[in-house]
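Beneath this line is the structure, given in structure tokens, with notes to follow.
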Amino acid sequence: MCGIVGIVGKSNVNQALYDALTVLQHRGQDAAGIVTSHDGRLFLRKDNGLVRDVFQQRHMQRLVGHMGIGHVRYPTAGSSTSAEAQPFYVNSPYGITLAHNGNLTNVEQLAKEIYESDLRHVNTNSDSEVLLNVFAHELAQRGKLQPTEEDVFAAVTDVHNRCVGGYAVVAMITGYGIVGFRDPHGIRPIVFGQRHTDEGVEYMIASESVSLDVLGFTLIRDLAPGEAVYITEEGKLYTRQCANDPQLTPCIFEHVYLARPDSIIDGVSVYKARLRMGEKLAEKILRERPEHDIDVVIPIPDTSRTAALELANHLGVKFREGFVKNRYIGRTFIMPGQAARKKSVRQKLNAIELEFRGKNVMLVDDSIVRGTTCKQIIQMAREAGAKNVYFCSAAPAVRYPNVYGIDMPSAHELIAHNRSTQDVADLIGADWLIYQDLPDLIEAVGGGKIKIEHFDCAVFDGKYVTGDVDEAYLNKIENARNDASKVKTQAVSAIIDLYNN
């Protein structure tokens with residue numbers, strides 16, 4: 001889960017890129033970067049931290065140029081050192097920078113090909129740098145002193161032929177233009193839009209439509225799976241389908257948790273989808289317990305609020321805000337180490353006792369991943385005086401790891417893996433636990449005006465849409481992702497950074 005943006009403007013784009021990244025900050029709080037192009041030169045600033053911390057006034061003044069790309073990241077493939085911050089750069093051909101949201105599942109094979117056949121060197125453990133080198137190599141194969149849109153689209157076609165996984169990409173070809181493209185399954189989101197100024201038309205590519213809205217761009221549309229958009233430095237826009245057999249299977253977890261509710265992804269309003277999730281949950285509750293004794297519905301801020309509100313409306317039960325959130329604490333499911341997560345939850349939320357005292361409370365969250373957070377929240381509700389604590393998940397049980405760009409934990413760290421609903425309820429301490437049914441979630445997201453028939457639901461059903469993920473691959477990423485490895489990696493990184501500084 002990362003955020004990407006690219007802008008071709010008529011004046012300096014540094015402030016617009018900065019503003020877009022702050023809007024996309026929810027997609028990555030680990031690192032941020034911006035690169036701009038002016039008179040054939042590149043100007044780059046990237047580092048670990050939030051957007052507001054990475055970019056100071058002195059950095060912004062150096063980011064000159066009317067064309068640039070930006071990135072916010074939390075670590076997926078690769079480590080969390082500042083060396084992994086994006087955008088990445090290669091000087092041949094032309095000088096290309098790239099920012100990437102997603103994950104390549106055949107990265108080891110690609111890295112070997114890059115070294116042995118493409119004769120290129122990769123300097124980090126990031127699959128984004130691998131993807132950059134594949135794109136740069138394929139563009140170099142055109143052998144042109146000045147690349148045309150045909151050359152760019154041919155290079156993207158070759159990227160699709162070589163790369164497997166989920167990826168949404170923006171890349172800048174120094175002195176020529178910006179290209180955006182999406183994997184043939186359309187797993188990760190990417191949109192583009194335009195705005196009219198006195199100097200002419202400006203174009204923007206981004207992960208979510210909300211960043212276009214905030215900057216005054218009009219959404220043109222999502223990129224189709226396998227499609228590429230190329231915007232020249234002069235402001236000419238070209239699009240082309242670059243995949244042989246594209247099939248739209250977007251990640252359904254974007255609507256559950258990742259995306260902002262005011263975004264539109266593949267023509268579907270995230271807000272509307274979450275309203276329908278709450279409606280479906282209410283219907284399930286009424287089927288299973290028509291004589292329920294729920295006194296109040298309370299969301300766990302922030303992502304579940306929309307679904308919880310609609311759930312309460314359909315049940316005819318009071319909706320109340322029972323938790324106050326400290327907005328300066330990051331998202332907990334991506335924090336390494338159980339101890340860090342446990343400490344974070346208590347710092348992140350505080351219960352309003354009068355909303356709990358003596359009541360049967362239905363808590364609503366967007367999903368349950370490790371179970372660490374909801375277990376503590378349930379305990380907080382009891383300490384605040386709740387009579388009974390019921391727990392509702394707007395998503396089905398998360399039983400399998402994500403391999404397409406969401407750094408969910410390994411299978412054995414997922415609380416629902418190989419466990420029944422009652423097992424999970426007992427572990428988190430809920431008097432009653434209810435999950436969304438997968439068909440209902442699919443209907444909630446894909447059943448609006450824009451019909452989407454298939455989604456990547458691998459975290460729920462274990463069916464990976466790229467067809468190359470087997471038990472051996474999952475075991476490999478489990479070893480890479482388990483908490484012990486993360487803590488060790490962070491410790492080593494801290495020592496290296498301390499030495500370098």
Is there a donor-acceptor contact under 3.5 Å from the side chain of Arg182 to the main chain of Leu223?
-> yes

Mind telling me whether Phe460 and Phe253 have parallel, tilted or perpendicular rings, with 30° and 60° as the class edges?
-> tilted

Step by step, work out the side-chain contact (heavy atoms from CB on, under 4.5 Å) result for Ile406 and Cys251.
-> CA-CA 10 Å; Ile406 308 173; Cys251 175; 4.0 Å; yes

Residues passing the side-chain contact (heavy atoms from CB on, under 4.5 Å) test with Asp183, sequence neighbours excluded, are Tyr167, His185, Ile187

Backbone of Asn123 reached by a side-chain donor or acceptor of Glu129 within 3.5 Å | yes

So Phe181 and His160, would you call those rings parallel, tilted or perpendicular, with 30° and 60° as cut-offs?
-> perpendicular

Could you tell me the separation between the OG1 atom of Thr174 and the CD1 atom of Ile96, rounded to the nearest 0.5 Å?
-> 8.0 Å

Measure the shortest side-chain to side-chain distance between Tyr400 and Leu474 over non-hydrogen atoms and say whether it is less than 4.5 angstrom.
-> no

Check whether any side-chain N or O of Gln436 sits under 3.5 Å from a backbone N or O of Ala394 as a donor-acceptor pair, and report yes or no.
-> yes

Checking side-chain contact (heavy atoms from CB on, under 4.5 Å) for the pair Arg120/Val90: CA distance, chi angles, key distance, verdict?
-> CA-CA 10 Å; Arg120 286 177 169 268; Val90 291; 4.3 Å; yes

Just wondering, more than 12 heavy atoms not from Glu108 lying within 6.0 Å of its CD?
-> no

If the plane angle is over 60° it's perpendicular, under 30° parallel, otherwise tilted; pick one for Tyr230 and Tyr238.
-> parallel

Student check: side-chain heavy atoms of Val5 and Ser211 closer than 4.5 Å = no

Side chains of Thr105 and Tyr464: donor-acceptor distance under 3.5 Å anywhere?
-> no

Listed by chain and number, what are the side-chain contact (heavy atoms from CB on, under 4.5 Å) partners of Arg419, not counting sequence neighbours?
-> Ile415, Asp423, Val424, Leu427

Between Gln86 and His100, do the side chains contain an N or O donor and an N or O acceptor separated by less than 3.5 Å?
-> no

Any idea which heavy atoms bring Leu441 and Pro396 closest together, and the distance?
-> CD2-CD, 3.4 Å

I would like to know whether Met277 and Val445 meet side-chain contact (heavy atoms from CB on, under 4.5 Å); could you show each step before the answer?
-> CA-CA 8 Å; Met277 290 178 206; Val445 178; 3.9 Å; yes

Indicate yes or no: at least one non-hydrogen side-chain atom of Arg52 is less than 4.5 angstrom from one of Thr22.
-> no

Exam field: side chain Asp470 to backbone Tyr473, donor-acceptor pair closer than 3.5 Å | yes

First locate atom CG of Leu219, then atom CE of Met204, and finally report the distance between them rounded to the nearest 0.5 Å.
-> 11.0 Å

Applying side chain to side chain donor-acceptor pair (under 3.5 Å), name anything that partners Arg260, two or more places apart in sequence or on another chain.
-> Asp262

Heavy-atom closest pair (Asp151 atom, Leu139 atom, distance to 0.1 Å) is O-CD1, 3.7 Å

Nearest heavy-atom pair of Phe135 and Ala155: which atoms, and what distance?
-> CE1-CB, 3.9 Å

Where Glu208 and Ser263 come nearest, the two heavy atoms and their spacing = OE1-OG, 2.6 Å

Looking only at atom types and distance, does a side-chain atom of Asp158 sit under 3.5 Å from a main-chain N or O of Glu138, one as donor and one as acceptor?
-> no

Taking the side chain as every heavy atom from C-beta outward, state whether Val51 and Tyr18 have any atom pair closer than 4.5 Å.
-> yes

Smallest separation among heavy atoms of Pro184 and Pro225, with atom names | O-CB, 3.2 Å

Side-chain (Tyr74) to main-chain (Asp407) donor-acceptor, under 3.5 angstrom = yes

Hey, are the side chains of Pro189 and Val191 touching, using non-hydrogen atoms and a 4.5 Å cut-off?
-> no

Can a donor-acceptor pair be found between the side chains of Glu113 and His137 at a distance below 3.5 Å?
-> no

Which distance, rounded to the nearest 0.5 Å, do you find between the CZ of Phe55 and the CG of Leu63?
-> 6.5 Å

Do the side chain of Gln56 and the main chain of Asp53 share a donor and acceptor less than 3.5 angstrom apart?
-> yes

Arg399 backbone acceptor or donor facing His417 side chain under 3.5 Å = yes

Does the pair Glu227/Arg221 count as a salt bridge with the N-to-O cut at 4.0 Å?
-> yes

Counting distance only, does the side-chain N/O of Asn133 pair as donor-acceptor with the main-chain N or O of Ala136 below 3.5 Å?
-> no

How long is the gap from OG1 on Thr36 to CG on Leu42, to the nearest 0.5 Å?
-> 7.5 Å

Between Glu413 and Ser410, does any side-chain donor sit less than 3.5 Å from a side-chain acceptor?
-> yes

One should read off an interatomic distance between Ile265 CD1 and Ser209 OG, to the nearest 0.5 angstrom, of 7.5 Å

Heavy-atom closest contact (Ile173 atom, Met67 atom, distance) | O-CE, 4.1 Å

Side-chain touch Arg73/Ser126, heavy atoms, less than 4.5 angstrom = no

Would you indicate whether the side-chain heavy atoms of Glu478 and Pro401 approach each other to under 4.5 Å?
-> no

Flag side-chain contact, heavy atom, 4.5 Å: Ile69 against Ile4 | no

Partner of Pro87 under side-chain contact (heavy atoms from CB on, under 4.5 Å), picked from Ile34, Leu98, Val170, Leu44, is Leu44

Judged by atom type as modelled, is there a donor-acceptor pair below 3.5 Å linking the side chain of Asn106 to the main-chain atoms of Val164?
-> yes

Could you give the distance from CZ (Phe153) to OG1 (Thr148), rounded to the nearest 0.5 Å?
-> 9.5 Å

Show your reasoning for whether side-chain contact (heavy atoms from CB on, under 4.5 Å) applies to Ile231 and Ile205.
-> CA-CA 10 Å; Ile231 306 158; Ile205 307 167; 4.0 Å; yes

